[in-house]
2 protein chains.
Amino acid sequence: MARPRDARWAGALGILGEVRRTPGVTRAEAARRLGLGSGSATEITARLRGLDLLDEIPAPVVGRGRPTTRLRPSPRGPLVAVVEVRYEDWRCAISEIDGRPVTVAARRHGRGGGEQIVPPIAEVLSGLRSRYGRRLRAVSVAVAGAVRHGRLVQAAPLEWGPTDLSGMVPDDALPLLIGNDATLAGLAEARGGAGVRAGTVLHLTVEVGLGGVLVVGGVPVVGAGGAGGEYGHMPFGDRSVRCLCGARGCWDNDVDGRALARHLGAPPPEDPRAFAYEVLQRAAAANAAGQGEGNAEADAVRRVARALASGIAGLVNAHDPDVVTLGGVAPLIRAAAEEEFDAAYLDGLMAFRRADPIPLRAVALGDEGALIGAAAAGLDLVLSESGLNDWAADLEA
Amino acid sequence: MARPRDARWAGALGILGEVRRTPGVTRAEAARRLGLGSGSATEITARLRGLDLLDEIPAPVVGRGRPTTRLRPSPRGPLVAVVEVRYEDWRCAISEIDGRPVTVAARRHGRGGGEQIVPPIAEVLSGLRSRYGRRLRAVSVAVAGAVRHGRLVQAAPLEWGPTDLSGMVPDDALPLLIGNDATLAGLAEARGGAGVRAGTVLHLTVEVGLGGVLVVGGVPVVGAGGAGGEYGHMPFGDRSVRCLCGARGCWDNDVDGRALARHLGAPPPEDPRAFAYEVLQRAAAANAAGQGEGNAEADAVRRVARALASGIAGLVNAHDPDVVTLGGVAPLIRAAAEEEFDAAYLDGLMAFRRADPIPLRAVALGDEGALIGAAAAGLDLVLSESGLNDWAADLEA
DNA sequence: CGCTTTATCCTCGATGATCGAGCATAAAGA
DNA sequence: TCTTTATGCTCGATCATCGAGGATAAAGCG
């Protein structure tokens with residue numbers, strides 16, 4: 001062979017990237033964005049068609065000029081299976097290379113050990129495997145817990161210990177990716193949600209506890225073992241409080257439904273997320289009615305809002321992102337105590353940042369973020385150089 | 001032209017990178033590491049010699065076989081001027097493409113406004129410019145303050161406000177890079193110091209306040225405006241304390257000489273770094289003599305050690321680095337209260353991390369880190385594709 | 001209905017970095 | 001001096017990309 005090792009897929013990766021970024025781009029537009037000549041575009045798309053990676057369909061004509069085609073995932077192209085494991089349920093989805101997962105199964109699960117969810121998910125994945133065969137290239141899991149070196153090491157709110165999820169995959173040759181749900185949601189928001197076109201995105205989600213991630217240039221900063229982004233376990237809170245995670249003073253404990261319950265003198269709620277929704281709704285209503293002052297729930301919300309906002313300010317000081325995206329109940333907390341929230345945010349910023357504070361935005365992908373992010377992570381693998389080499393080799397065989 | 005735009009310098013960048021990583025590598029070794037064939041190595045080194053980027057000198061013969069050559073910066077090659085501005089002094093250095101700065105001037109400065117240092121530095125740089133002409137390709141400045149969008153926006157401990165340093169460069173065409181000193185020291189440690197070969201390095205320095213940076217794959221994570229790494233301004237401390245930076249509860253105030261003085265009931269020290277050195281030395285001596293218990297200074301040091309270590313634990317939770325490198329007085333704080341420090345570190349970690357905690361290491365480059373890092377940042381620019389294109393164009397003209 | 005305009009696509013020869021085999025070179029060891 | 005070991009150089013081949021020129025397809029216009 002006599003090609004620069006990295007050049008074999010160079011152009012192809014560019015085109016595939018455009019298709020992922022903008023599903024349904026026209027071929028002409030993709031070539032323009034990449035600065036490709038028309039000759040290269042022809043060559044590359046022809047190759048990708050031949051590899052069953054892309055398909056071209058006539059594009060609706062807009063003005064004059066020769067009509068172009070839209071680039072779409074090939075109906076015989078690679079697929080990624082995606083799983084999301086949340087506090088009370090899980091779902092499986094399948095995604096083509098445009099990164100839009102389609103749910104194929106969903107189920108609630110009890111509060112037993114983590115291993116109980118493995119068999120039913122394995123069954124679904126096994127079904128996908130026999131249905132799609134070699135088209136299925138990877139399994140990507142988003143899970144509500146701390147993940148390190150591809151293993152779920154801790155899921156305190158779920159009350160799961162270290163859990164082995166590797167039994168999910170029907171076939172040892174099928175790559176299994178496991179990521180934290182908030183991390184993957186942040187990835188999705190940064191690439192195609194509220195943080196799109198920003199170089200550095202800080203994503204934070206409040207569900208049960210707080211998770212998040214810093215995404216730089218579309219790549220999540222997850223550290224050596226992939227466990228980065230556990231911002232909920234920074235000691236922004238009261239050091240005398242021991243967190244379920246084992247550390248002290250974790251921010252986690254000051255910003256969610258459990259914190260609201262504590263401030264209200266209520267027992268720890270069974271479902272902190274639902275509890276938070278209810279309290280936030282009532283607090284927002286009270287505020288809207290001008291009865292927020294002295295209202296216990298509104299007070300609790302304000303307290304949580306201050307804890308959340310001042311921590312965010314600290315993270316902004318430390319990371320200098322272009323934008324902060326807020327998911328889960330965080331946008332609701334802000335909305336239900338906007339004044340206190342924004343004041344605490346500004347107050348926590350270094351002085352030079354106050355003139356033009358980094359914007360805080362609610363997520364754009366809603367509850368689909370983690371699933372979309374998991375698909376993106378899976379596709380990063382499948383559409384990498386080595387992934388494409390494997391795909392091409394499989395086609396030949 | 002008919003070359004893949006990125007391929008023109010591809011091989012050359014690899015070789016230059018090896019020379020930077022390992023000054024004095026042999027040509028054969030560099031080719032081996034890059035997986036280059038001997039033909040490519042010949043072609044590339046010949047081109048780099050022709051461009052006055054590299055020089056080859058005979059290598060001392062070790063065993064049998066045809067002797068190879070060492071790759072070195074060309075004596076007519078590009079240079080980067082480096083400036084470090086610290087609390088009480090500044091220095092200028094010059095670096096060839098191996099990234100080893102050689103100091104050419106140093107001076108103490110008073111505590112006036114920041115602008116006072118610009119003229120003398122400008123004079124030194126102007127001298128370098130006339131001496132080296134076009135060989136001087138960039139000026140890279142490490143400064144003890146918050147830097148954003150290439151401007152020094154805040155230097156609270158120096159008591160400088162926003163300061164325009166652009167007057168330093170003798171020629172508007174000469175690129176000026178400005179970076180935070182702790183960020184650049186972290187870059188240097190990650191690439192060639194205590195964090196070498198680690199994928200993700202968290203670097204933290206305690207001087208007056210605390211600075212640092214996360215370095216991922218040799219690239220510092222500095223956010224949108226380059227102001228990332230201001231870990232000293234995360235609210236790990238007492239929220240009732242207002243920091244000089246404008247925020248509240250900053251970690252900055254709990255970990256340095258000012259904190260030691262506060263705990264000792266002493267007035268804020270004129271030179272917090274020197275004060276810290278003295279207290280730490282006495283506390284270490286007291287501990288060594290078995291008189292650490294009840295000793296006021298040793299108690300103050302323990303308190304600072306706990307504040308430092310628990311904050312580090314929080315950052316480790318959030319970032320999951322391979323290694324934490326400690327600079328400035330941080331290693332001394334740890335040494336002077338090792339038990340408390342390590343206990344607080346472990347106590348602040350999430351439970352799953354305790355079995356195999358991320359190692360904390362003292363810096364390897366001592367006080368040269370910021371200078372070396374600034375040289376590295378400058379060379380990243382000079383030895384980029386566009387920088388090399390400019391250099392080649394200048395040679396032709 | 002045919003011509004013009006606009007936009008895109010395809011063909012084809014050129015380019016240039018890399019590759020790898022084969023040969024040349026230089027030192028150490030026998 | 002011959003062999004072994006390691007490296008450097010030459011040269012033809014490869015291949016993704018480039019860009020010019022021509023082909024193609026639709027809309028607009030008379």
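Per chain, numbering begins at 1; letters A, B, ... match sequence-line order.
Each of Gly65(A) and Arg47(A) lies near DNA chain D, and the nucleotide nearest Arg47(A) is the one positioned closer to the 5' end. Where Pro67(B) and Ser38(B) each meet DNA chain C at their nearest nucleotide, the meeting point lying more 5' is that of Ser38(B). Heavy-atom distances to DNA chain D give each of Val61(A) and Ala41(B) a nearest nucleotide, and the one nearer the 5′ end belongs to Ala41(B).
When the side-chain nitrogen and oxygen atoms of Arg64(B) are compared with OP1 and OP2 of dT7(D), none of them lie within a distance under 4.0 Å. Side-chain N/O atoms of Ser40(A) include one lying less than 4.0 angstrom from OP1 or OP2 on dC18(D). Listed pair Thr68(A) / dT8(C) fails the phosphate criterion, with no side-chain N or O lying under 4.0 Å from OP1 or OP2. The side chain of Arg66(A) places no N or O atom within less than 4.0 Å of a non-bridging phosphate oxygen (OP1 or OP2) of dC10(C). For Arg27(B), a side-chain nitrogen or oxygen approaches OP1 or OP2 of dG8(D) to under 4.0 Å. The shortest distance between the side-chain N/O atoms of Thr42(B) and the OP1/OP2 oxygens of dC9(D) is below 4.0 Å.
One can place CG of Leu13(A) at 13 Å from C1' of dA16(D), the figure rounded to the nearest angstrom. Separating the CG atom of Leu388(A) from the P atom of dA16(D) is a distance of 14 Å, rounded to the nearest angstrom. What separates CD of Glu43(B) from P of dG8(D) is a distance of 15 Å, to the nearest Å. The CD1 atom of Ile44(A) sits 16 Å away from the P atom of dC15(D) (whole-angstrom rounding). Atom CG in Leu36(A) sits about 12 Å away from atom P in dC9(C), given to the nearest Å. Taking atom CG of residue Leu34(A) and atom P of nucleotide dT8(C), one finds them 15 Å apart after rounding to whole Å.
The pair Asp171(A)-Arg134(A) does not count as a salt bridge, with every side-chain nitrogen at least 4.0 angstrom from each carboxylate oxygen. Salt-bridge check for Asp394(A) with Arg137(A): passed, with a basic side-chain N closer than 4.0 Å to an acidic carboxylate O.
Thr69(A) comes within 4.0 angstrom of sugar-phosphate atoms only, judged by non-hydrogen atoms across all strands, and of no base. At a threshold of 4.0 angstrom between heavy atoms, the contacts of Gly39(A) include nucleobase atoms, whether or not backbone atoms are also involved.
Nearest heavy atoms, Thr183(A) versus Val213(A): O-CG1, 3.6 Å.
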Item to complete: Decide yes or no on side-chain contact (heavy atoms from CB on, under 4.5 Å) for Trp9(A) and Leu16(A), but give the supporting numbers first.
Response: CA-CA 10 Å; Trp9(A) 296 107; Leu16(A) 289 170; over 6 Å; no

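Here the side chain of Arg70(B) pairs a donor or acceptor atom with the backbone of Gly24(B) at under 3.5 angstrom.
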